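Quick note on labels: first sequence line is chain A, next is B, and so on, each numbered from 1. Just so we're clear, the structure is a prediction, and the values are computed from it rather than from any experiment. All values below were derived from every heavy atom in this structure, side-chain atoms included, with hydrogens, water molecules and symmetry-related copies excluded.
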Amino acid sequence: MKIGPLSISPRTIRNLRKEFRSSGLARIGVVLIALVVLAAVFAPLIAPHNPRTQNLDRAQLPPLGFTDTEQQTQTKIVDGSVQTVTRNVTVNATATYPLGTNALGQDMLSRVIYGARTSLLVGLLGTVLAALLGVTVGLTAGYYRGRIDDALMRTADVSLAFPSLVLAIALIGLFSRFQADVAYRVSDPLVTSGLAGWFRDMVGLPTPMPETFVIPTVVVLVVGFVNWVWFARIARGEALSIREEEYVKAARALGGSDVRIVFRHVLPNAITPILVLATIQVAAIILLESSLSFLGFSGTTLSWGFDIAQGRGYLSSSWWIATMPGIAIVLSVIGINLVGDWLRDALDPGIEGEGGM
Amino acid sequence: MSEPAPATARAGAADGHGAPEGNPDDVLRVRNLSTRFFTEEGQINAVESVDFTVRDGEVFGIVGESGSGKSVAALSLIDLVDSPGRITSGEVWYRDADLADEFRDDLPEAVDGDFVDTRRLPEGVRRALRGPAFSMVFQDPMSSLNPSITVGEQIAEAVEVQRRARANPRSTRSRTQEYGMGRLIVDTLLPNRGYTSESSMNRAIELLEQVGIPDPAERAHEYPHQFSGGMLQRAMIAQALAGEPDVLIADEPTTALDVTIQAQILNLLRDLQEEQDTSVVMITHDLGVIARMCNRVGVMYAGQVVERGTLADVFESPVHPYTEGLIGSIPDLDDPDPRLQPIGGNVPSLLDEEMGGRCFFADRCPKAMSDCLQDIPEYAADEGCDDHAVRCVLAEREYSEADALPADYFDRNKEVRGDE
Amino acid sequence: MGYGRFLLKRGVQGVGVVWGVVTVVFLLRFITPGSPIDTVAPLDASQETRRQIARELGLNQPLYVQYLDYIWELLHGNMGYSYISSIPASVQVFQKLPATLELAVAASVVAIVLSIPLGVVSATRRHQPADYAATSFSLLGISTPNFWLGIMLVLMFAVELNVFPTSGRAYGFMQSLAAITGPRPFFTVVTAWVASLFLPAITLGTYFTALITRLVRSGMLDELSSGYVRATRAKGLPETLVRYKHVLRNTLVPVVTVLGLQLGTLIGGAVITEAVFAWPGLGSEIIRAINARDWPILQGSLIVIGTGFVLLNIVVDALYAYLDPRVVAE
Amino acid sequence: MAEKDTSRRRFLQAAGSATAAVALAGCSGTGGESSPTEEPTDTSGDSMQTTEPQQTIERPEPSTRDGYLQRANRHCHDQAPWVFLHRQYSVYGVSDDINWQPRRDERVDAYAIEPATDSGDSAVMTQSQMDSGLDPQDHRETPTDNIVLQAYEGLLERDRQGAIIEVLATDYRRLDETTVQFTVRDNVSFHSGDSLTPEDVAYSINRIVKESVGIASPQSDQLVGVAGAEVASSDDRTVNVNLTGLNPIVFQSFATYCDIMNKSWVTSHDNAYINQNMEGTGPFKLANYEQGVAVEFTRNDNYWQEAAALSGFTINAASESSTRVNRLLAGESDIIVNVPPQEVSRVNNNDGTSVSAVPSTRVIFNAMRYDVEPFVSPLFRQAVNYAVDLESIVQNVLQTFGDPTGQPTLEGFFGYNPDLDPYPRDLDRAEQLVEESGYAGAEIELITPIGRYLKDVEIAQAVAAQVDELPNVTARARQVEFSTLVSQVTTGKIEDKPHWYLLGWGNATFDAVQTIQPLLASDGALTSYKNDELDRLLDEAQSLPSESN
């Protein structure tokens, strides 16, 4: 198989297949990831409602299979003291809102589906950014060794000394003060092209979907920036060993330029552990993003972490608001971790536990 | 007591009562031992109905190509087969009068005279035999010593465990002295070694000296990575001898070493064996080692001992075509016939489903006949001497061209069976 | 190279990293938008007042002078004064440190106490129910965001069952110690302390329990298949010794390394756990300082965390070298 | 006359800008003014009037300050520089173990708490944040107020009804236009045992108003117009306070601000110490201080009045409302602040806890900048008001913990116009007004802070969703950190402000001017609006005597 300049040997493919066949867990992982990816990509087609549309009359509906006894409280102030009349109203779940609604009457299922977009986008873009940065630094350090290596790796040490979550909230918190735009709004091609509308009309979900989607750019930049170290470490280790290989020596002896050697010989051979690390990093960054949105350092409201933070205030009355997005996070991260385990077992790149939340 | 049974047709007779007949000097009688691995690909018959005996103070060699099951057979002796492998049947009779007395009443079927069948003993007891009864030297000394513990400490452990065992011979617990995770944490945090004692360390140093390591007192405090391969193998031997075993199993002890070192190690083993009168089971693929070291020898092929007997029996009058082939593949300096006769074909698959009821060597055998397409029992090779046994119909009859299988018999059958 | 020299070398490297941390923290203020004057000065402050404040904060000096001043003051233990409370940053930060340390240590204890047995059981009973249970738990553990776990634990154990406090920190370790002699009943104090620590420690510890369980399991499986295990058994060593003294000990070597790398995750996890449980530690302090632009506190906290990270890593390296003597040789 | 007007104007302007941050941040300082001055007159049948374009109706020029301020409010209602939302409530959760009534000014005075059961005579309060240091003169927000007021006292204070009462002063009077005199109470001692002297009082006032004394206090503008203080006579225990000009509300200011500190204690310690210790005259003294965690007080048994009923009082904080509620329900806390509506029934249904609420002095609104499209059009601004279903927001989001408003000034304030009703929801009318304004198809974005005001995000999202229902307007809400929003609205330049933003404004003076002047006058510190007519009405109002002050 040929992916750009990177080739994957048939043996690798065979290992992957063999591990996949023998491991039911890998299959579960692939299914989970597929679900998340489908939800993220086709959100405007499959979300039953517009995730931003509010309906205060339908707020805090329980998910299917549950009934909620809501205490409707009428409050009046008499002489500064509150008099309340409470009556119990049974609220039934409806199939219109399978996962219930939040305090604003927004559909939780649609929000969970759209939240997959944010998580996946930040996870993927952040990982790509971290990988670009880290692999460049790591290959440079490992290939040139000596002072360049020392300098870059000490920088990595300093960077490691700041926990990624702490560094991320510091950077987002400090930079977003004056530049309120921590997010970049792009139009959703599925909606603007009319595809979503056509599809929804066809299946009988005529709700118009949001035409734009928010990419929390600052969050992407920051999570990419705080996670480069892991890639740098792996890439450096690989470069250090690969540069000693005969074919690299030969290429150098033939006068190949460093850039060319790195791209033609070192990078392709270092790609396996980098890919495995990248898989794990996507999970780590999804967790990091949800933590950031939970703490209020995020650029979008369509995020699992944000919904958990919102639902936290309603735990006692409407447990599902904080629970559903949490389950979504757990399932998608489990999916990625299972696939990561599968790749690691099949490719055996010898990394364990690199990269944190 | 058992009736005098002919060596012939012994393979199928698993009556399980009493030790097999043999020489009174025997220290170990292995009978019908089978070890299988239960893997995802299927059942692998690594050791298949193996019989042999080891006598006091002799070196018994097991020779075979890699993959013939000889290492697994060795591990089976000392009960160290790891999951997914399991010893599925067979008896390992070991001569120990004290042990026999102890179990004579409780486990009568496990005792026969001075012999006990270790397979029938409780697991704790069986494990306790490791060290004082059996011990083992492994192929690669580098990976067979724990890299993070000093060499002396590791040998001292082996000494210590026997010291404790002697203090309370039949309690396995006494050897651990509640050495659990709590003790590990203490040992890890504090720089004292909780298990070994000073005297066992001194003994370890003695042992190191005995195996010819210079400055043993200092080297005892070094780590395996600070030793050379040869030195490390000497240390391994010292460790194996720490329990003063009756039977020392040496599994390819020189394979991983430089040629120059190999001879030294073999000499060392030879000297120690003579000095201590230990029995040695020498496992190797190297016929030269066999010829140099062994009194008696067993040839393994596809999990079976296909021929066994004294060195002279096997080397000078081999019966089994495989043995002949093996010996034929050694260049003989005395007889400068340049034409060696390598054995054609490959070591067979040991997958159960792919092993038919036939002589496993038949597909490579130049003398394969239609008789070979059935289970082959062990036959006595020479009349009146049940020491030389062979699993080949040629022990009973002559090769006949008429019965010979066609050359492409097995290839055709493969195609029919649709195997890869 | 001896053990001592090895540690010395690591120590020197550590000092270099701390210097880097200080420099980054110092520069952070200059690369982020806004001036500290905005935080300190009243909204309607005159230009004169602002200049006055700039002088007091030393902001009118050239950058390198400010930098050298900052390092000089740091070396004397002075991190400046909080813009909000006027309390010395060093005092305020170190007051918050014990709570965070307590949380981190408790979580580590939870993690180590639970994970190593789990990992050992999982590895030694491979493909048995205990292994499946431990593997599933660890997969779930590394995949669950700890803030969500914390919320769910509060919902279950504090709100519904009311067996643990919902949030906050009662007494703390030092006060619990002091209660031995102090006026408050010792048992009550310690119970309250442990109860308040329980849910946060579980919340923070779960990820690490799961992570270490996985590491121990896979490490132990690797080790169990290595040659020395067979040799160790062959020489008659009982299984307990084989399993713990030899295998587990060697398994811990890579575990310790990974944990060293994961210390940052532990501290990051502490920050968010503190936010969930209103735990008055360094994490809450950092979030407050960021929102309030309280630079001395933010800088002080980051330096303390960075230095702590470096120190702990030296400890980890020392432990690593102790567990695996080959390291020193390299 | 004109000159005098200008100076009054300038004075108010300064006061307005100075209180800006405080009022925004949810920290109104003043105590409750005397109970609402007037009942709203009957407005039945007048509601149609408010929906008519007002410019066409001729109204006679008012003659009183009240009349001008009411006219100013009418102007605001008609021109709709805001989306008028609601008046916020202060909602507390209170344990049955104590007896306590909430006050309008968001202050919780432990001296007013009595144990109600025999389950001990100490109490715990959980607020949303801890203090920013214990120096009573070096802060300006409610959480710190609530902590320092337990130990420190001022010369004057207000009772629960808002009337001025003497505390550390036994007498106060005006000597001339620029001088007032306080007589300092005798036999009062600080927690250390030092006696309170007039020297302490003069020093405390100077420490606030003079940068050269002690610290540059952020409270200097709370005593704006005060130039300094000096001891008039040690024997008579009198202190003279010098004013920069006529200051009609000087005693009101002293009734709210200026805690008295011990001069010798202050001068002999550094700032860090003063911020971690307390030396006041109040009913409680500091027992233990853990910065950012908790403050513990014990009863001051040498208090100059009857000692407090509580023997101890602890204040801690949890920024999450659910955490505060959990603490109350678990019995870990006796008073919690800011109970969100969705938790009210949980608190009320729990045995031993109940909710206690008072309307606060805070108004919540969405400012629309008059200088940017489409908000430049009054018609468009009115349309937005008509599009919002205030009733539904109060019912569903706030669960009745709010009163709808239709003017900047709250009911009960001086200058409130009782004839103005909130805008009703009228989508057709709104759509038509948008068309008339010429801004059909406009896209607008409402900026809201997160978690600063009760349900702020939810309210903003509801407003945006309701406006979005107009077929010819697209609206959405975006949230930012409160500090981000504050930094934008407090630059003093209208260009820095977002076009449309949600804000809350606390006005503890109970006077319309302190809301309209800073937020809507063309030279207001936080203004988003500019209109000559409104400026004129305010000028006229400020040139006339006020019946209430």
Against chain C, work out which of L331(A), I308(A), I336(A), D157(A) has the most heavy-atom pairs shorter than 4.5 Å and name it. I308(A)
Between W148(C) and V330(A) the two heavy atoms that sit nearest each other are CZ3-CG2, 3.7 Å
For I305(C) and A161(A), work out which heavy atoms get closest and say how close. CG2-O, 4.2 Å
Quick check on V276(C) against chain A: is it the side chain, the backbone, both or neither that has a heavy atom closer than 4.5 Å? both
Report which part of I327(A) has an atom under 4.5 Å of a heavy atom belonging to chain C: side chain, backbone, both, or neither. both
Taking M152(C)'s backbone N and O only, do any of them form a donor-acceptor pair with W319(A)'s side chain (distance below 3.5 Å, no angle check)? no
Least distance between heavy atoms, G268(C) atom then P163(A) atom: N-CB, 3.8 Å
Non-hydrogen atoms of chain A under 4.5 Å away: do they reach the side chain of L149(C), the backbone, both or neither? neither
E285(C): partners by salt bridge (charged side-chain N to carboxylate O under 4.0 Å, His left out), with sequence neighbours left out: K96(C), R288(C)
Is it the side chain or the backbone of A170(A) that comes within 4.5 Å of chain C heavy atoms, both, or neither? both
Please state whether the side chain, the backbone, both or neither of L28(C) comes within less than 4.5 Å of a heavy atom of chain A. side chain
Starting at CD1 of I329(A), measure out to OG1 of T144(C) and round the result to the nearest 0.5 Å. 9.5 Å
What distance separates I272(C) CD1 from L287(A) CG, expressed to the nearest 0.5 Å? 9.5 Å
Show the atom names and distances, to 0.1 Å, of all donor-acceptor pairs under 3.5 Å that link a side chain in residues 13-24 of chain C to residues at least two apart or in another chain.
from, atom 1, to, atom 2, distance (Å)
W19(C), NE1, Y67(C), OH, 3.1
T23(C), OG1, W19(C), O, 2.8
T23(C), OG1, Y67(C), OH, 2.7

Could you report the tightest heavy-atom contact between A275(C) and L295(A), atom names first, then the distance? CB-CD2, 3.5 Å
When rounded to the nearest 0.5 Å, the distance separating CD1 of I151(C) from OG1 of T323(A) is 9.0 Å
Heavy-atom contact with chain C under 4.5 Å, split by part of T155(A): neither
Contacting moiety of I286(C), where chain A heavy atoms sit under 4.5 Å: side chain
